[in-house]
Every structure is written in structure tokens, then in C-alpha cells.
Amino acid sequence: MLIYLNSVNQELKDYFSDLVFRVVISGKEGYISFLFEHKSYPDKAIAIQLLKYMAEIWETKMKKEEVNELPIVIPLVVYHGESKWRFPLHLGGFLNGFEEMPQHVKEYLPNFHYLLYDLSDYSDEEIKGNAQLRIMLKLLRDVATKSTEEFLRSFYEASHALLEIEDKQKGIEFFEITLRYVFNAVRDLTKKDMEQIVRQIETTFPEGSEVAMTLADILREEGMQEGLEKGIKEGLEKGRQEGASQALAKNALNQLTEKFGALPEHLKENIRQADLATLENILQNIFKYQSLDEVKKFLKH
């Protein structure tokens with residue numbers, strides 16, 4: 001089983017992108033691919049977006065690995081927005097008059113279903129799996145629907161699961177990913193909140209207390225601590241823009257490398273220095289580029 005992740009918090013994406021499991025299909029070794037798409041808001045273009053990702057996976061398999069048979073790709077959407085998901089769960093639902101078309105016409109049109117996991121519908125008891133998965137899903141579920149106080153309470157409860165991770169180094173690494181997500185996702189954290197987080201972690205997951213204190217120090221050094229404490233929107237926005245640019249640049253480099261192979265150093269540096277709008281456009285048009293020259297021209301504008 002291969003797992004593809006798109007539009008996921010970059011640290012979480014890095015953590016889970018190496019999960020690969022062999023399976024047996026009809027007596028032969030093979031794999032099924034699961035394409036995960038993360039959404040924090042209802043997106044009416046989701047089916048088209050998933051279709052593009054699926055086509056890109058198949059194209060890569062044909063061109064780079066020269067396979068004769070395409071892998072099965074099952075698309076899943078993990079959603080945790082404030083409102084209910086309101087769009088059809090299959091591509092045909094977006095096509096004008098699709099449901100009323102006769103079957104012999106439908107045969108000429110693309111259609112597929114995708115699985116939707118609306119985390120708001122799941123209780124703590126229904127969220128199962130290993131410690132990392134349970135923590136991630138609970139935090140995604142609660143970040144958009146609960147107050148800061150309630151969310152922090154969920155974070156403390158979830159952090160107890162870190163004790164289940166036998167490899168303490170991996171536990172600390174995952175805790176750092178989780179804590180970065182909390183600091184970036186909760187908009188109105190105060191100095192008092194952050195100090196409380198450090199104290200709580202010292203009790204529930206002492207191995208991670210040093211990481212918590214270090215991250216808090218980093219935020220202070222960057223001037224974000226004061227912005228969080230006073231609620232200065234400008235300081236918060238600057239920090240998020242810089243963090244978003246770094247994440248998008250890394251994502252663009254990964255996808256361009258996957259598509260074209262090793263990239264020239266000057267191109268990689270130009271992408272790292274690009275502004276947020278340019279990086280967003282690069283990623284939106286990633287499937288259209290036929291050569292690196294198109295990317296280079298785009299960066300000049």
C-alpha cells in the first residue's frame with residue numbers, strides 16, 4: 001500500500017509520506033495506493049483536484065517506472081472544517097445532468113467516488129489507531145470547532161498517548177511536529193497559555209518538556225511571543241506568511257523533483273526566494289509544465 005498526501009500540514013506530510021506496505025492481490029504481490037487530501041473548508045473543486053492528482057500518479061508510473069498496469073488509487077478526503085461538507089462524493093455529481101443521462105452515455109464520461117472522513121462526526125472512542133494517528137486526528141477535529149481553552153484541554157488529553165510510543169526518540173520527534181501544529185493553528189494563544197503547555201507537558205510527557213521550552217524560546221526570539229500575548233495581527237500574519245512560504249517552497253521543490261528529476265541549484269534557490277503568490281501559482285500549475293524552462297520563465301514574472 002502506498003500513501004500519497006497532498007495539501008497536508010508539511011511536517012505531518014513529511015512524517016507519514018514514507019509509509020509503504022506490501023499486500024497480496026489475487027495471489028500476487030502488489031499494492032493499492034491511497035491518496036489523502038486534507039481540507040479545512042468545503043471545496044467544490046475537490047473531485048477535479050483529486051482526478052488531477054490521480055492522473056499525475058499514473059503518468060509518473062508510466063513514464064518513470066515504465067509499468068504496463070496502472071496501480072489502483074483510492075482517493076480519501078480528510079475534512080475538519082466548521083461547516084458540514086456539502087458537495088457530491090463523486091465526480092459525476094459535478095457534471096451537468098449526469099444523473100439523468102442514459103447508461104450508454106455515462107460510459108463515455110469519467111466518474112469515480114471518493115471517501116470523505118468528516119472528523120467532526122467522530123467521538124474520541126471512535127478515533128482508533130496508533131498513538132500518532134489518534135493524536136493527529138483529534139487535534140484536527142477540535143482546532144476549528146472548539147475554543148482555545150477546550151482545544152488545549154484536548155491537546156493535553158491527547159498528549160497522554162505519547163507515552164504509548166516505545167521508541168522515545170520517535171515520540172519526541174512526533175511531539176515536536178504536534179506542538180508546532182498547535183502553536184501555528186491556534187490563533188489566540190497567550191504567553192500564559194504557552195507557559196501552561198510547558199508545565200502540562202513536564203507532567204504528562206517529560207521527555208518533551210525540553211522541546212516545548214525550546215519552541216517557546218524560539219517564538220520569543222522571533223518576536224512572535226509578544227504578538228501572541230498582545231494579539232497584534234501584523235506580527236502573527238508575518239510569521240504565518242514566512243512559515244507558509246517555506247512550506248510551499250519545500251512542497252514545490254519536492255513535486256518538481258518528482259516530475260523532472262534533480263533540479264539545478266540556481267532554480268532551487270529562486271524557488272526558495274519566491275513570494276507566496278508565486279509559489280501558490282507554481283503549485284496550482286504543476287501538472288501543466290512540460291519542461292523546467294516553463295517554470296524558469298514563470299519565476300521571472
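- Atom CD1 of residue Ile57 and atom OG of residue Ser33 lie 6.0 Å apart, to the nearest 0.5 angstrom.
- Note on Asp121 versus Lys84: salt bridge recorded, some NZ/NE/NH1/NH2 to OD/OE distance being below 4.0 Å.
- In the hydrophobic clustering of this structure, Phe87 does not group with Leu95; members are Ile, Leu, Val, Met, Phe, Trp, Tyr whose side-chain heavy atoms approach within less than 4.5 Å, directly or through other members.
- Considering only heavy atoms from C-beta on, Val78 stays 4.5 Å or farther from Glu37 through its side chain.
- Within the 4.5 Å cutoff, side-chain heavy atoms of Leu50 are placed close to those of Val77.
- Within a 6.0 Å sphere centred on CD of Glu149, other residues, nucleotides and ligands contribute 12 heavy atoms or fewer.
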> Are Asn111 and His90 close enough, and set up right, to give a side chain to side chain contact (heavy atoms under 4.5 Å, CB included), and what steps lead you there?
Replying inline: CA-CA 7 Å; Asn111 187 30; His90 61 109; 3.4 Å; yes

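- Here the side chains of Arg134 and Glu164 are in contact, with some heavy-atom distance below 4.5 Å.
- In this structure, Lys44 forms no cation-pi arrangement with Phe94, as its terminal cationic atom is not both closer than 6.0 Å to the ring centre and no more than 45° off the ring axis.
- Distance check, rounded to the nearest 0.5 Å: CD of Glu107 to CD of Gln103 gives 5.5 Å.
- A donor-acceptor contact shorter than 3.5 Å links the side chain of Glu126 to the backbone of Ser123.
- Note on Glu56 versus Lys61: no salt bridge recorded, every NZ/NE/NH1/NH2 to OD/OE distance being 4.0 Å or above.
- Note on Val105: it does not cluster hydrophobically with Phe112, by side-chain heavy-atom contacts below 4.5 Å among ILVMFWY residues.
- Heavy-atom neighbours of Ile48 CD1 from other residues, nucleotides or ligands within 6.0 Å: at or below the threshold of 12.
- Side-chain contact between Ile135 and Phe174 is present, with at least one heavy-atom pair separated by less than 4.5 Å.
- Put simply, Met54 and Leu109 are part of two different groups of oily side chains (I, L, V, M, F, W, Y) that touch within less than 4.5 Å, one to the next.
- At most 12 heavy atoms of other shown residues, nucleotides or ligands fall within 6.0 angstrom of atom OH in Tyr41.
- For the pair Asp43 and Arg86, the salt-bridge criterion is not met [side-chain N within less than 4.0 Å of a carboxylate O].
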> Should Lys250 and Gln255 be marked as a side chain to side chain contact (heavy atoms under 4.5 Å, CB included) after you check the CA-CA gap, both sets of side-chain angles, and the distance that decides it?
Replying inline: CA-CA 9 Å; Lys250 186 174 182 180; Gln255 295 207 38; over 6 Å; no

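- At least one side-chain heavy atom of Leu253 sits less than 4.5 Å from a side-chain heavy atom of Arg272.
- Between Leu119 atom CG and Ser40 atom OG the span is 11.5 Å, to the nearest 0.5 Å.
- Between Tyr79 and Trp85, the ring-plane angle classifies as perpendicular under the 30° and 60° cut-offs.
- Here the OH atom belonging to Tyr53 is positioned 15.0 Å from the CZ atom belonging to Phe36, to the nearest 0.5 angstrom.
- Between Tyr117 and Leu115 there is a side-chain heavy-atom pair separated by less than 4.5 Å.
- Although no hydrogens or angles enter the test, the distance criterion places a donor-acceptor pair under 3.5 Å between the side chain of His80 and the main chain of Leu140.
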>> If you apply the rule side chain to side chain contact (heavy atoms under 4.5 Å, CB included), what do you find for Leu76 with Leu35, and how did you get there?
In response: CA-CA 6 Å; Leu76 304 94; Leu35 170 63; 5.9 Å; no

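- Looking at Lys138 and Asp124, their side chains come closer than 4.5 Å, going by heavy atoms from C-beta outward.
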>> If you apply the rule side chain to side chain contact (heavy atoms under 4.5 Å, CB included), what do you find for Ile271 with Leu256, and how did you get there?
In response: CA-CA 11 Å; Ile271 290 175; Leu256 288 171; 3.5 Å; yes

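- With a 6.0 Å radius and a threshold of 12 heavy atoms from other residues, nucleotides or ligands, Lys52 has its NZ atom at or below the threshold.
- In terms of heavy-atom proximity, Ser83 sits nearest to Pro42 at OG-CG, 3.5 Å.
- The distance from the OG1 atom of Thr257 to the CG atom of Leu263 is 3.5 Å, given to the nearest 0.5 Å.
- Between the side chains of Glu269 and Gln273, a donor-acceptor pair is found at a separation under 3.5 Å.
- A donor-acceptor contact under 3.5 angstrom links the side chains of Gln49 and Lys39, judged on distance only.
- No side-chain heavy atom of Phe98 sits under 4.5 Å from any side-chain heavy atom of Leu91.
- Residue-environment remark: OH (Tyr156) exceeds the threshold of 12 foreign heavy atoms within 6.0 Å.
- Arg141 places a side-chain N or O within 3.5 Å of a backbone atom of Tyr122 that can act as its donor or acceptor partner.
- A distance of 10.0 Å separates CG in Leu292 from NZ in Lys259, rounded to the nearest 0.5 Å.
- The environment of CD in Glu82 is sparse: at most 12 heavy-atom neighbours from other residues, nucleotides or ligands sit within 6.0 Å.
- A salt bridge between Glu157 and Arg153 is absent, with no side-chain N of the basic residue lying under 4.0 Å from a carboxylate O of the acidic one.
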